[in-house]
2 protein chains.
Amino acid sequence: MALEHAILVSLLEKPGSGYELARRFDRSIGYFWTATHQQIYRVLKRMEGDGWVAAREVPQQGKPDKKHYAVAPAGHAVLDAWLHEPIEPESVRHDLAVKIRGAAFGDPSALMRQVERYRQVHSERLAHYLAGELRDFTGPDAPAEPDGMGELQHVVLRGGIAYERMTLAWLDDVLATLHRIHARTGH
Amino acid sequence: MALEHAILVSLLEKPGSGYELARRFDRSIGYFWTATHQQIYRVLKRMEGDGWVAAREVPQQGKPDKKHYAVAPAGHAVLDAWLHEPIEPESVRHDLAVKIRGAAFGDPSALMRQVERYRQVHSERLAHYLAGELRDFTGPDAPAEPDGMGELQHVVLRGGIAYERMTLAWLDDVLATLHRIHARTGH
DNA sequence: GGGCACATGTAAATTGTTACATGATTGT
DNA sequence: ACAATCATGTAACAATTTACATGTGCCC
């Protein structure tokens, strides 16, 4: 019960169509909340029915019409109420941790190859975050709007950066451990 | 499609009943893979039907009978095949990040209180992990079994510890940011 | 007697994933 | 011509969550 909230936040930051939202869930918001376009369209329709968002049909040349969504007062109220609720412990599904513990009963070297690939992905993600930080949050155009939107986006991004750095260090630890076990059992 | 694998790993580490598995998913395994007893019973039944695990009815005095599950050869093969598959990028649902970005459009001080509570939870979780590490992975009973089960459990635990430490530092950053915004807009 | 731990389930509702479907424009 | 991007959806299925359901033994 929170895709609704992610959509509300994204639309408050910048109104747009379902398609545009789906694009954002591939990037910025998507780094901490995944959703497919099918989900987004379905939920958006319900939110429109409940009066949380209002749609405006925008005819376009050369492209299909799009429905431009903006948050309605009722949606704003829902978001505000949600901010007062306790933060739920996130439900974790950490594939890799399961695999690592499973490696004791299988082939550790097979896992090592996968971990190396995975490390690469996180390394690229860190570079991507750092580039985004440089682009959006440094230099003379320091936001400092009264509402703090830019500062809050920045602190979330710093969280992503910290997460990736921690992950990379841990993956090195994992690789060293797998290597040690492999060396002992491998011959 | 991986609760099956988490159950296989847990049963390989130590066979047991559905109930016992459900307990473990509240603690050790549960820190990186959540599942309720309803899910576990359902999946376990399917896995038994597919010959991945074998059940043995254990009559007990004073307690209802329980079905003691152990991994069958077919299940072992499934796990092994899974270890060779690429590691899927975990699908993130990070409630807090959404809330933080939402705070720009609501009441930052309301969020501050929730973040402080949340920080407390993670602080306790870190203490819990560190206690577990001290209990299970230090001292003279250093595991060093040939299969590396203990070492792999340890490296996963170290990941949890690193995650909690990173999270606590980030939450301090978040609180400082919220405080700064509140001071500017609050009067 | 009340509450907790053990032990296993069913049913309903909600969410999330995967596959299919359509149709226009822009670039190669 | 063909692929990619824009733009919106339906349908079927799988997974997850929440609520309900039952029964024993132990401890206070």
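Values below: all heavy atoms of this structure, side chains included; hydrogens, waters and symmetry mates excluded. Reminder, nothing fancy here: chain letters follow the sequence lines and each chain counts from 1.
Checking the phosphate oxygens (OP1, OP2) of C:dA5, no side-chain nitrogen or oxygen of B:Arg23 falls inside 4.0 Å. For A:Tyr41 and D:dG9, the shortest distance from a side-chain N or O to OP1 or OP2 is not below 4.0 Å. An OP1 or OP2 oxygen of D:dT8 is reached within less than 4.0 angstrom by no side-chain nitrogen or oxygen of A:Tyr19. Residue A:Ser17 places no side-chain N or O under 4.0 Å from the OP1 or OP2 atom of D:dC6.
The neighbour count for A:His84 NE2, taken as heavy atoms of other residues, nucleotides or ligands under 6.0 Å away, is above 12.
In this structure, B:Leu44 atom CG and C:dT10 atom P are separated by 13 Å, rounded to whole Å. Atom CD of A:Glu4 and atom P of C:dT14 are 12 Å apart (whole Å). For the pair B:Trp33 CH2 and D:dT17 C1', the interatomic distance rounds to 16 Å; values are reported in whole Å. Here C:dG9 presents its C1' atom at 17 Å from NZ of B:Lys66, a figure rounded to the nearest Å. Between the P atom of C:dA7 and the CZ atom of B:Arg56 lies a distance of 14 Å, rounded to the nearest Å. In this structure, CD of A:Gln38 is placed 15 Å from P of D:dA12, rounded to the nearest angstrom. Distance, B:Glu57 CD to C:dG9 C1': 14 Å, rounded to whole Å. Between the CD atom of B:Gln39 and the C1' atom of C:dT14 there is a distance of 13 Å, given to the nearest Å.
In this structure, CG in A:Leu21 is found 11.0 Å from NZ in A:Lys14, a value given to the nearest 0.5 Å. For the atom pair NE2 of A:His122 and CE of A:Met166, the computed distance is 9.0 Å after rounding to the nearest 0.5 Å.
Nearest nucleotide to the side chain of A:His37, out of C:dT8, C:dT10, D:dG9: D:dG9. Taking only side-chain atoms of B:Glu20, from C-beta outward, the nucleotide of C:dA7, C:dG16, D:dT8 with the closest atom is C:dA7. Listed candidates were D:dT16, D:dG9, C:dT17. Nearest to the side chain of A:Lys45 is D:dG9. Closest to the B:Arg42 side chain, of the nucleotides D:dT17, D:dC6, C:dT8, is D:dT17.
Test B:Tyr163, B:Phe25, B:Tyr129 against B:Tyr31 for ring pair (Phe, Tyr, Trp, His ring centres under 6.0 Å) and you get one pass: B:Tyr129.
Map B:Tyr69 and A:Val43 each onto its nearest nucleotide of DNA chain C; the residue landing nearer the 5' end is B:Tyr69.
In this structure, the side chains of A:Trp82 and B:Val98 come closer than 4.5 Å at one or more pairs of heavy atoms. Within the 4.5 Å cutoff, the side chain of B:Arg93 has no heavy atoms near those of the A:Phe32 side chain.
With the end axes of the helix from C:dG1-D:dC28 to C:dT28-D:dA1 each set by five pairs, the angle from one to the other reads 30° at 10° resolution.
Here A:Arg158 pairs with B:Asp173 under the salt bridge (Lys or Arg N to Asp or Glu O under 4.0 Å) rule; sequence neighbours left out.
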